[in-house]
Enquirer: 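One structure, as structure tokens, below. Some questions next.
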Number of protein chains: 2
Amino acid sequence: MKRRSFIKKTTLASVGFGLVDLNPLVGNRPSARNNFSVNGSRLENRILELAKFGRNVNGQGYRVAFSSGDIEGRAWLFELMKNAGLETRRDEAGNIIGRRKGKNNSFKPIAFGSHIDMVPDGGNYDGTLGSLSALEAIEVLNEQKIITNHPLEVIVFADEEGSMVGSKAIAGLIDPGMLTQISHAGLTISEGVRSIGGNPDLIANCKRNKGDIHAFLELHIEQGGILEFENLQVGVVEGIVGIDHWEVTVEGFANHAGTTPMNIRQDALLAASKLVIAVNEVITGVKGSHVGTIGKIEAFPGAYNVIPGKVMMGLELRDLSTEKIELLFRNIEKRAETIEHNSKTKITFVRQPSVSKPALTEKSLQQLINKSALGLSLTTKFMQSGAGHDSQNIAQIAPVAMIFVPSVGGISHSPKEFTNTADMTNGANVLLQTILAVDRT
Amino acid sequence: MKRRSFIKKTTLASVGFGLVDLNPLVGNRPSARNNFSVNGSRLENRILELAKFGRNVNGQGYRVAFSSGDIEGRAWLFELMKNAGLETRRDEAGNIIGRRKGKNNSFKPIAFGSHIDMVPDGGNYDGTLGSLSALEAIEVLNEQKIITNHPLEVIVFADEEGSMVGSKAIAGLIDPGMLTQISHAGLTISEGVRSIGGNPDLIANCKRNKGDIHAFLELHIEQGGILEFENLQVGVVEGIVGIDHWEVTVEGFANHAGTTPMNIRQDALLAASKLVIAVNEVITGVKGSHVGTIGKIEAFPGAYNVIPGKVMMGLELRDLSTEKIELLFRNIEKRAETIEHNSKTKITFVRQPSVSKPALTEKSLQQLINKSALGLSLTTKFMQSGAGHDSQNIAQIAPVAMIFVPSVGGISHSPKEFTNTADMTNGANVLLQTILAVDRT
């Protein structure tokens with residue numbers, strides 16, 4: 001949501017240091033309870049330092065999970081966490097977990113963190129921002145000599161960009177066949193987990209039960225362009241979308257493109273094109289932040305001089321609601337039936353097994369994030385996450401919430417991925433204030 | 001054109017043998033001047049005999065140009081032509097040419113024929129019907145002891161389905177680089193020409209000049225479904241279409257299919273789909289027998305979860321008129337500009353060098369074919385050829401005309417290619433009567 005239209009984006013100076021002195025709106029803050037904030041320079045410097053691990057000879061980042069860059073980066077972060085006074089260990093899945101005692105250690109911990117592995121040729125902010133901001137929150141609490149009521153836990157998950165083995169292991173979602181699959185680095189997941197200090201044979205031991213974690217918070221770059229497009233500073237994530245895939249086949253009749261008149265053709269590509277447009281119309285014709293994409297297409301036989309007899313496409317639908325996805329798909333099927341009839345083709349949809357179910361975040365945590373952001377005079381928007389995150393697995397065993405900050409140009413999974421220092425600092429401050437707000441509830 | 005609606009398709013019995021006795025309409029024939037006709041059984045038997053050459057172990061036809069099947073089939077036909085009394089030779093391009101003397105040998109010859117090579121896994125009628133019907137016409141003239149005024153020439157061209165080297169050589173259209181290209185059989189065209197008895201070094205010698213051939217006639221299967229669809233027996237070909245190809249590129253912006261809202265996408269496939277439909281609308285929105293096809297498409301990067309950033313397609317337009325092709329293309333360009341504007345994409349068309357210019361047949365010859373067909377109580381239609389033929393090359397140096405007979409299901413370049421004996425016999429009779437009609441003019 002937009003707070004007030006006259007609020008401009010805050011600068012690094014205004015949010016990072018001396019917030020109380022510099023921000024004219026501070027007297028109006030709905031929940032301002034302290035005048036400390038994260039050290040934006042320290043956060044940014046650590047992000048840039050971590051970015052050096054795993055660079056290839058072209059200077060590109062290949063810190064894919066279980067690569068030498070990932071192993072070295074995790075060791076570097078492990079040391080920083082220890083130096084920050086955290087009781088730091090690696091669990092059986094290779095997750096790094098740093099614990100900070102609270103006033104009441106019978107309370108369940110407030111956990112927060114993210115991941116530091118990247119996709120091949122990825123960027124420096126995806127996962128990294130959330131992991132290093134979690135450490136930054138600890139640094140500030142140390143500096144301010146604040147002891148929270150709950151114990152705190154910084155978690156740096158294993159292989160988010162591939163198997164999500166780290167968060168799945170904690171949530172008890174490990175599929176037996178998963179460990180033998182090949183990771184981005186070429187190792188099996190099992191070998192990879194071992195390479196970062198885990199023990200795949202005992203991986204079931206790191207599972208937490210429902211109630212073991214008081215709350216889990218994850219700060220992340222948006223990876224989309226909505227916040228930038230709407231000129232907003234903080235996204236309050238309502239949930240992580242479910243994903244469904246269908247293989248779509250359009251069957252017409254291949255024939256000579258020179259000798260077959262237009263009126264007796266059964267052109268599979270013409271029918272497929274109508275379906276691509278129909279999918280777009282169905283998606284944009286219903287209110288909501290669901291998305292639908294046809295990202296791949298192939299025509300057979302695929303020559304200038306042959307009318308396509310068959311077209312294969314890939315359809316993806318994403319939404320927070322499984323029912324919404326089903327409704328959209330039924331509407332697409334109906335449109336396909338009309339196209340089939342009018343074009344004398346046959347259209348079939350085969351649902352793919354690799355679905356991901358929607359994961360909702362906790363409403364009370366969303367409200368605390370929003371209040372914390374507003375308290376920092378930041379503009380906010382309640383939004384969904386179109387991409388997957390470790391939080392979606394932790395949501396199976398604990399209340400979770402996510403904080404988004406803008407991605408410049410909406411670009412992610414690319415060396416061009418970028419988030420401004422001011423926006424990163426804003427996000428880390430919201431994380432810090434939300435941890436304290438959760439601790440007070 | 002349809003002659004009279006009550007005329008049904010003639011049967012083999014009615015057209016092949018005893019036409020005068022059996023056909024009740026014979027008294028009304030506009031140009032009936034003789035009561036002999038081709039031997040449909042002999043024609044069909046020869047087609048089936050030729051079909052045995054070049055069959056692979058699966059029984060499929062692979063009599064591609066310069067293969068052993070093509071070489072053996074040509075040798076078999078050469079003997080048949082010699083046995084029919086033709087002065088038979090191979091020219092420098094490997095074309096088989098059989099000459100029959102006329103009453104006045106200072107007259108330029110009336111030539112007719114086709115080819116016997118096929119596409120890989122092709123059918124038994126494409127080219128073969130025209131070649132063996134040309135021989136059949138000679139057989140009937142021999143049987144009827146008819147000597148024409150003009151000398152006659154049966155021509156069986158070399159490699160129609162690939163380089164068209166035979167008809168191009170006669171028309172003086174050999175491009176120097178052409179002979180080093182690889183044929184369907186794997187030989188260079190030069191090696192191939194040598195393998196069927198030609199001499200590529202002297203290929204320029206077989207060129208004929210304008211005026212050297214009085215007329216050239218080619219009987220061919222339609223390779224499309226128009227005659228069958230309209231229940232007609234003979235097509236009078238008005239010309240062989242020109243063909244133009246464009247590589248079409250649609251550039252949008254590739255982005256995450258989960259995190260990019262529908263309203264800020266620049267989806268290249270959505271724009272490309274609109275263009276596919278626009279092309280179809282432009283083609284079908286203008287009267288005529290032109291055709292337009294998008295036969296190939298590829299989306300980049302081509303994954304379920306990425307909005308396509310680029311799409312490449314192949315556009316083909318065919319018509320008898322170059323001006324019509326240009327008009328259609330300009331209309332497509334205009335539609336593309338609107339799509340570009342509305343979808344924030346960039347669409348570019350790159351014309352490909354491999355164009356084929358339209359070739360018109362001679363109007364007076366068309367009329368003689370039509371008259372001959374009507375004289376045989378056959379239904380006719382003036383139509384274009386959407387496929388290429390040797391006649392399009394010969395049209396550069398001589399008046400040409402083509403006779404089409406129906407292809408069952410409009411199927412060609414396939415083992416399923418089929419033309420009924422009755423239709424083949426009709427076509428051969430029209431060829432015979434047209435030769436005699438041309439000879440009289």
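Quick note on labels: first sequence line is chain A, next is B, and so on, each numbered from 1. The structure presented is a predicted model; accordingly, all values stated were derived computationally and were not measured.
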Enquirer: Do you know which two heavy atoms are closest between B:His290 and A:Met262, and how far apart they sit?
Expert: O-CG, 4.1 Å
Enquirer: Check A:Pro261 against B:Ile226 and note the closest heavy-atom contact, atom names and distance.
Expert: CG-CG1, 3.2 Å
Enquirer: Can you tell me which of B:Ile411, B:Asn263, B:Leu315 forms the most heavy-atom pairs within a distance under 4.5 Å of chain A?
Expert: B:Leu315
Enquirer: Measuring heavy-atom distances to chain A, does B:Phe229 have an atom under 4.5 Å in its side chain, in its backbone, in both, or in neither?
Expert: side chain
Enquirer: Mind ranking A:Ser414, A:Ala254, A:Gly292 by heavy-atom pairs under 4.5 Å with chain B and telling me who comes out on top?
Expert: A:Gly292
Enquirer: Among B:Ala299, B:Ala272, B:Pro308, who wins on heavy-atom pairs under 4.5 Å with chain A?
Expert: B:Pro308
Enquirer: When only pairs under 4.5 Å are counted, which of B:Val306, B:Ile307, B:Asn280 shares the most heavy-atom pairs with chain A?
Expert: B:Asn280
Enquirer: Considering all heavy atoms of both residues, which atom of B:Thr260 and which atom of A:Val291 are nearest to each other, and what is their separation?
Expert: O-CG1, 3.7 Å
Enquirer: At a heavy-atom separation under 4.5 Å, does B:Ile264 approach chain A through its side chain, its backbone, both, or neither?
Expert: side chain
Enquirer: Say you draw a straight line from CE of A:Met313 to CG of B:Leu269; how long is it, rounded to the nearest 0.5 Å?
Expert: 8.0 Å
Enquirer: Taking the side chain as C-beta and beyond, is there a heavy-atom pair between A:Glu222 and B:Thr259 under 4.5 Å?
Expert: no
Enquirer: Would you mind checking which part of B:Ala387 comes under 4.5 Å of any heavy atom in chain A, side chain (CB onward), backbone (N, CA, C, O), both or neither?
Expert: both
Enquirer: Quick check for you: among B:Gly224, B:Ser385, B:Gly386, which has the greatest number of heavy-atom pairs under 4.5 Å with chain A?
Expert: B:Gly386
Enquirer: Where is the tightest heavy-atom contact between A:Thr293 and B:Ala257, given as atom of each residue plus distance?
Expert: OG1-CB, 3.5 Å
Enquirer: Counting only heavy atoms closer than 4.5 Å, note whether B:Asn305 contacts chain A via side chain, backbone, both or neither.
Expert: both
Enquirer: For A:Leu270, is it the side chain, the backbone, both, or neither that has a heavy atom closer than 4.5 Å to a heavy atom of chain B?
Expert: both
Enquirer: Between chain B and each of A:Arg318, A:His413, A:Met383, count heavy-atom pairs under 4.5 Å; write down the option with the most.
Expert: A:Arg318
Enquirer: Taking all non-hydrogen atoms of both residues, which atom of B:Trp246 and which atom of A:Tyr304 are closest, and how far apart?
Expert: O-CE2, 3.4 Å
Enquirer: Mind listing the closest non-hydrogen atom pair of B:Gln223 and A:His256 along with its distance?
Expert: O-CB, 4.5 Å
Enquirer: So what's closer than 4.5 Å to chain A heavy atoms on B:Ile277: side chain, backbone, both or neither?
Expert: both
Enquirer: Check each atom of B:Leu275 against the heavy atoms of chain A and say whether the ones under 4.5 Å are side chain, backbone, both or neither.
Expert: neither
